[in-house]
Trainee: 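The structure that follows is given in the form of structure tokens.
Every chain is numbered from 1, with letters handed out A, B, ... down the list of sequences.
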Amino acid sequence: MRYNPQKIEKKWQKYWAKNNWRLWRAKDNSRKRKLYILDMFPYPSGEGLHVGHVEGYTASDILARYYRMKGFNVLHPMGWDAFGLPAENYALKTKKPPQEAVRKNIKRFRKQLQALGFSYDWNREINTTDPKYYKWTQWIFLQLLKHNLAYEAEIPVNWCPSCKTVLADEEVQEGRCERCGTKVERKKLRQWVLRITAYAERLLKDLDLLDWPEGIKEMQRNWIGRSEGVEVDFKVEGKGDYIRVFTTRIDTIWGATYLVLAPEHPLSEKISPSSYQQEVKDYIQKALQKSEFERVSETKEKTGVFSGAYAINPATRERIPIWISDYVLMHYGTGAVMGVPAHDERDWEFAQKFDLPIVEVISPDGKEHSHLEKPYTGDGILINSGPFSRQKSTEAREHITLYVGGRKAVHYKMRDWVFSRQRYWGEPIPVVKCPRCGVVPLPEKCLPLKLPKIKKYQPTGKVESPLAGVPEWVETRCPVCKGPARRETNTMPQWAGSCWYFLRYLDPHNKKKLVDPKKEKYWMPVDIYIGGAEHAVLHLLYARFWHKFLYDLKIVSTPEPFMKLVNQGIILGEDGEKMSKSRGNVVNPDEVIKEYGADSLRMYEMFMGPLNFSKSWNTKSINGVKRFLNKIWNLVTTWKEEKQGKRRKREEEWHLTKEAQRRLKKTKKELEILRHRTIQKVTQDIEALHFNTAISSLMTYVNHLADFPLSYIDKKHWETLILLLSPFAPHISEELWQNYLGHRKSVGLEKWPKYNSKLTERKEFTLIVQVNGKIRGKIKAKVGISQAQAEKIARNLKSVKKYLKKKVKKVIFVPNRLINFVL
RNA sequence: GCCCAGGUGGCGGAAUUGGCAGACGCAACGGACUUAAAAUCCGUUGAGGUUUUACCUCGUGAGGGUUCGAGUCCCUCCCUGGGCACCA
């Protein structure tokens, strides 16, 4: 029979689905060691599964199957992150409820995942849009509210005019909406905000506990943006006001020749003498209208206005002008900076433009320079700095801080998380606004607060969600005073449900608790988390934040949710470009499965290269792995037929000489050694996530097996091969294991093969003979050969002798590797 | 501009600790089988050279360095991908 992947794959998928995937079920009470292997759950879009999903999900499936065979109790679940704009936009277009699209898409995704033979524990499937699930998302929000980590505030926010909703800072990229690419506008709005900054320090510090790609950790560090410096007050001349500035370079304060306030700074409008007020007012007005991105990019050139007021530099005691400029940001530091043009690029630019004095106070060589070409931003020797002149800038900082009356301070770039969205398809925020009692959280027993079915999904554009147009839902009673009140109509952002979903898998049907503490303690943390790098600062930062909050509430027992993170690389189209519909280079996994089979698709994506590389699709290369599976199929099925006598043994056609027989006996032993080495290599490679080289060594093994007449190959070779192959290509493995090698159990229930390290150890090696570092000969030698012995045989080598006429100055001997004669 | 990752045959990639560069696969070429095609199998395949069963020279983005020996370590530079970007 020929290898027919379509037929056998369907057959075994049915077999695995029997009894609700009992084979893959994770046990909550087990004495076995646990392993939680998690995929980033997909957003079930209308386009269906992408080959990029297949890559990460195959990798985690290989690990899950491998570790089960190794005797671990493996939790490997799957679910759906189904709130979000695409479903809502679909509803807008079709005028059908998003629930319907979501149901349809989930069904398709589930079918596709099952067609790939992924060994998920489907009994634990979750869906973030299920009220039974989002009840707990809302519950966590209430806890955040209770602990003063959620608040409403009138703040400048990013507004996407196309999506008609506000966006978090993390969702804005280069001034554009991450989702639709529209330029983000700046609006001052009353919004729900989560106090993620309260966790800034811990989010930063605990990165050290994690086995994550260094790049991702670095991105989070940069996003949090901790910087240590000094806060110091400048007295406003002639008034009682003080302006507090934040600086990381207090050592440059003698060079501070002016101050700058952000336009939003409370003193900006207050300090000007009347003759300056109109100009200042105009400038502030204009600055406030610009989006943050416009402030930076559209006007490359610095702008600003002199306030007319002066402050006293606490170091020099001189009066310096106070300016107002939008290059100073209100939300960072104190919203005011001291301008040190000689030692800061931005201040330099500003001083050049407005002709402000430039005073050099740090010198790399200790000398004063009459003319500066550009600012010097490094450390050096203080000059023109009163009592601190001649000191090293790095050493004087502490004393200068005391001298000017400043104190140490830490600031972060990260801001609080704008959490409300003006859209329908999200978790309703479970609060009520009562004219008498103010903002009143819903009592927990009223959860879930379900989304009502509505007719109009059209965003109002009035900074309101479409929910505002459903009076029967909005109008309610205040839980406290029972008087008439209105529900909050904003919903939560897409990220809310994914902040904690990995906890719900542990106890998906629990009606009383988010998760049973016993189960939580057993399963957490996630041991391996696989997904794309695009979530480096969004999902992964938000989830860490919520997890730390739940840790403080003692709902979870680990400070961090994901111990090891692995990013799969992007799979590019055949043309080396990002896959996109408009380019027409999208590879559809359904079609690949139809033509090559799921096993070939899985194998190919793993064989393409290291998991974390980005790589281009190549349809021709998938033939290679298909051929490999086909070869295994032919070898095992033919071997079986020969054993059953259905086919004439091929070795009868071989007239073996005595010499050939002897050689065969020797090679049989070598084959056994190869078997053990292959087990060793595949085992080590899977654990290191080097799936491409694991497959290579399987290929090498098969190539060697194929060199012999089948009757000379013991069954154990086929068994080992199939066991090693089964995590990668489970369908063909199951078929060969049960139907051709005669086993009753699923191959997934077998034990992973062991290797004998006595056999994998090398007894012989190739001794490299070098003269002056160049290879001049190779000799087979026994492991452990002494230098004297090695030297003796090496010197006798013909190809070496001719180089050794000159005197040998030195001999370098690396045991079991090489010998090098230096002339 | 700053930070991170990477640069190895025609292509994807492999190479313990600094010790045989190019495993494995794709593509290509030659051959077997076949009426033919597909499938399968065998062989060749980094570049150049010589006195061609063999040997020599060059070769891991560029240049320099350390070393008996460098794809691997150090310095300078170039290129590609990703992230951040007036954060004081």
Side-chain angles (χ1 to χ4, degrees), chain A residues 2-3 173-175 213-223 225-227 229-230 245-249 252 260 262 292-293 295-297 299-300 302 325-329 331-340 343-347 349-350 411-415 533-534 536-537 567 569-570 572 603-604 607-610 612-625 627-628 630-631 634 684 690 692-700 702-703 706 765-778 799 809-814 816-823:
Chain A
R2 284 181 59 158
Y3 174 42
Q173 289 192 343
E174 294 185 353
E214 211 32 63
I216 302 282
K217 287 207 236 179
E218 206 48 38
M219 277 164 73
Q220 293 214 349
R221 283 191 196 107
N222 289 338
W223 187 264
R226 181 184 204 271
S227 72
V230 170
V245 305
F246 174 66
T247 177
T248 53
R249 292 300 302 272
T252 65
V260 194
E292 209 157 292
F293 187 68
R295 272 191 180 193
V296 177
S297 65
T299 51
K300 276 256 153 66
K302 298 243 178 321
S325 170
D326 65 6
Y327 87 88
V328 175
L329 308 169
H331 57 75
Y332 185 75
T334 59
V337 301
M338 61 182 203
V340 185
H343 305 294
D344 182 278
E345 274 172 35
R346 297 147 303 181
D347 297 345
E349 234 181 88
F350 192 73
H411 285 276
Y412 300 92
K413 276 199 246 182
M414 183 171 68
R415 284 183 273 175
E534 67 273 17
V537 282
N567 293 125
I570 302 168
L572 303 168
M603 290 279 280
Y604 169 62
F607 189 60
M608 284 172 94
N612 57 347
F613 275 34
S614 68
K615 31 210 168 203
S616 304
W617 187 266
N618 182 338
T619 301
K620 278 180 181 155
S621 281
I622 198 171
N623 271 321
V625 290
R627 249 179 280 198
F628 171 61
N630 192 37
K631 194 171 183 175
N634 288 340
Q684 288 170 351
H690 296 164
N692 55 332
T693 48
I695 295 172
S696 291
S697 57
L698 286 174
M699 287 172 167
T700 306
V702 171
N703 287 347
F765 73 103
T766 310
L767 178 74
I768 305 297
V769 184
Q770 294 183 337
V771 179
N772 279 339
K774 287 213 161 104
I775 295 156
R776 298 300 177 188
K778 299 172 189 182
S799 57
K809 270 194 234 152
K810 203 166 134 191
V811 178
I812 290 171
F813 177 69
V814 183
N816 303 331
R817 229 175 254 282
L818 63 79
I819 185 159
N820 186 8
F821 296 100
V822 184
L823 301 181

Trainee: Do you know the tightest heavy-atom contact between A:M603 and A:I695?
Mentor: O-CD1, 3.7 Å
Trainee: In whole Å, what is the span from the CG atom of A:N623 to the C1' atom of B:rC24?
Mentor: 16 Å
Trainee: Closer than 4.0 Å, any side-chain N/O of A:R817 to the OP1 or OP2 of B:rG69?
Mentor: no
Trainee: Given B:rC4, is OP1 or OP2 found less than 4.0 Å from the side-chain N or O atoms of A:R221?
Mentor: no
Trainee: Please report the distance separating the C1' of B:rU67 from the corresponding atom of B:rG19, rounded so that it comes out in whole Å.
Mentor: 12 Å
Trainee: For A:K810, answer base if it contacts any base atom (sugar-phosphate contacts may also be present), sugar-phosphate if it contacts only those atoms, and nothing otherwise; contact means non-hydrogen atoms under 4.0 Å.
Mentor: sugar-phosphate
Trainee: Which part of the nucleic acid, if any, lies within reach of A:S697 when heavy atoms closer than 4.0 Å are counted: base, sugar-phosphate only, or nothing?
Mentor: nothing
Trainee: Could you tell me whether a side-chain N or O of A:Y604 sits under 3.5 Å from a main-chain N or O of A:G624, the two making a donor and an acceptor?
Mentor: no
Trainee: Just checking A:Y412: base, sugar-phosphate only, or nothing, at a heavy-atom cut-off of under 4.0 Å?
Mentor: nothing
Trainee: Give one of base, sugar-phosphate or nothing for A:Q770, where a contact means two heavy atoms less than 4.0 Å apart.
Mentor: base
Trainee: Can you tell me, in whole Å, how much space there is between the P of B:rA14 and that of B:rG9?
Mentor: 13 Å
Trainee: Compare the minimum distances between each of B:rA21, B:rC24, B:rA88 and the side chain of A:V328, then state the nucleotide with the smallest one.
Mentor: B:rA88
Trainee: Using the C1' atom on both, measure B:rG10 against B:rU17 and round to a whole Å.
Mentor: 34 Å
Trainee: Give me the one residue out of A:V769, A:I768, A:V814 that meets side-chain contact (heavy atoms from CB on, under 4.5 Å) with A:I819.
Mentor: A:V769
Trainee: Check whether the side chain of A:E345 and the base of B:rG1 form a donor-acceptor pair under 3.5 Å.
Mentor: no
Trainee: Return the value, rounded to whole Å, for the distance between atom OH of A:Y332 and atom P of B:rA85.
Mentor: 13 Å
Trainee: Which nucleotide in the list B:rA88, B:rA27, B:rA39 gets nearest to the side chain of A:V337?
Mentor: B:rA88
Trainee: Would you mind telling me which residue lines up with the more 5' stretch of RNA chain B, A:D347 or A:I570, judged by nearest nucleotide?
Mentor: A:I570
Trainee: Rounded to whole angstrom, note down the P distance from B:rU8 over to B:rA15.
Mentor: 15 Å
Trainee: Tell me which nucleotide, if any, is Watson-Crick or G-U wobble paired with B:rU44 when both distances must be under 3.5 Å.
Mentor: B:rA28
Trainee: Given that A:W223 and A:I812 both sit by RNA chain B, which one's nearest nucleotide is further toward the 5' end?
Mentor: A:I812
Trainee: Starting the side chain at C-beta, find the nucleotide from B:rC68, B:rA27, B:rC24 nearest to A:V822.
Mentor: B:rC68
Trainee: How far apart are the closest heavy atoms of A:S227 and A:T248, and which atoms are they?
Mentor: OG-CG2, 4.1 Å
Trainee: Can you tell me the distance, in whole Å, between the CD1 atom of A:I695 and the P atom of B:rA23?
Mentor: 18 Å
Trainee: Which nucleotide in the set B:rG83, B:rA39, B:rC4 lies at the smallest distance from any side-chain heavy atom of A:N630?
Mentor: B:rA39
Trainee: Looking only at N and O atoms, is any donor in the side chain of A:K809 or the base of B:rC68 less than 3.5 Å from an acceptor on the other one?
Mentor: no
Trainee: Quick one: A:M603 CE to B:rC26 C1', roughly how many Å, whole number?
Mentor: 15 Å
Trainee: Determine the Euclidean distance between corresponding P atoms of B:rG25 and B:rU44; express it in Å to zero decimal places.
Mentor: 14 Å
Trainee: Check every strand shown and say whether A:N820 touches a base, only sugar-phosphate, or nothing at a heavy-atom separation below 4.0 Å.
Mentor: base
Trainee: Tell me the interatomic distance from A:N618, atom CG, to B:rG10, atom C1', rounded to whole angstroms.
Mentor: 12 Å
Trainee: Could you please name the option among B:rC56, B:rA88, B:rG19 that lies closest to any side-chain atom of A:T248?
Mentor: B:rA88
Trainee: Where the side chain of A:K615 meets the backbone of A:P610, is there a donor-acceptor pair that is under 3.5 Å apart?
Mentor: yes
Trainee: If you look at every strand shown and take non-hydrogen atoms under 4.0 Å, does A:P610 touch a base, only sugar-phosphate, or nothing?
Mentor: sugar-phosphate
Trainee: Given atom CE of A:M608 and atom P of B:rA14, what is their separation to the nearest angstrom?
Mentor: 13 Å
Trainee: Suppose you measure atom P in B:rC29 against the same atom in B:rU16; what distance do you get, rounded to whole Å?
Mentor: 34 Å
Trainee: Is it the case that the base of B:rC26 and the side chain of A:K620 share a donor-acceptor contact (distance under 3.5 Å, atom types as modelled)?
Mentor: no
Trainee: Mind checking the P distance from B:rA5 to B:rC86? Whole angstroms is fine.
Mentor: 23 Å
Trainee: Any base atoms under 4.0 Å from A:R226, or only sugar-phosphate, or nothing? Heavy atoms, all strands.
Mentor: nothing
Trainee: Among the nucleotides B:rG25, B:rA88, B:rA39, which one has an atom lying closest to any side-chain atom of A:N703?
Mentor: B:rG25
Trainee: When rounded to the nearest Å, what value does the distance between P atoms of B:rG22 and B:rC55 take?
Mentor: 15 Å
Trainee: From the options B:rA88, B:rA14, B:rU57, select the nucleotide whose nearest atom is closest to the side chain of A:N692.
Mentor: B:rA14
Trainee: Touch check for A:L818, heavy atoms < 4.0 angstrom, all strands: base, sugar-phosphate only, or nothing?
Mentor: base
Trainee: Nearest 0.5 Å please: distance from the CG atom of A:L329 over to the NE2 atom of A:H331.
Mentor: 4.5 Å
Trainee: What is the distance, to the nearest angstrom, from the CZ atom on A:F607 to the C1' atom on B:rG12?
Mentor: 8 Å
Trainee: Among B:rA88, B:rU40, B:rC56, which nucleotide has an atom closest to any side-chain atom of A:R627?
Mentor: B:rU40
Trainee: Check every atom of B:rU57, B:rA88, B:rC4 against the side chain of A:F246 and return the nucleotide holding the closest atom.
Mentor: B:rA88
Trainee: Of the non-hydrogen atoms in A:I216 and A:A533, which two are nearest, and what is the gap between them?
Mentor: CD1-CB, 4.2 Å
Trainee: Tell me which nucleotide among B:rU57, B:rG13, B:rC3 gets nearest to the side chain of A:K774.
Mentor: B:rU57
Trainee: Checking side-chain polar atoms at under 3.5 Å, does A:N222 have a donor or acceptor matched by the opposite partner on A:K413?
Mentor: no
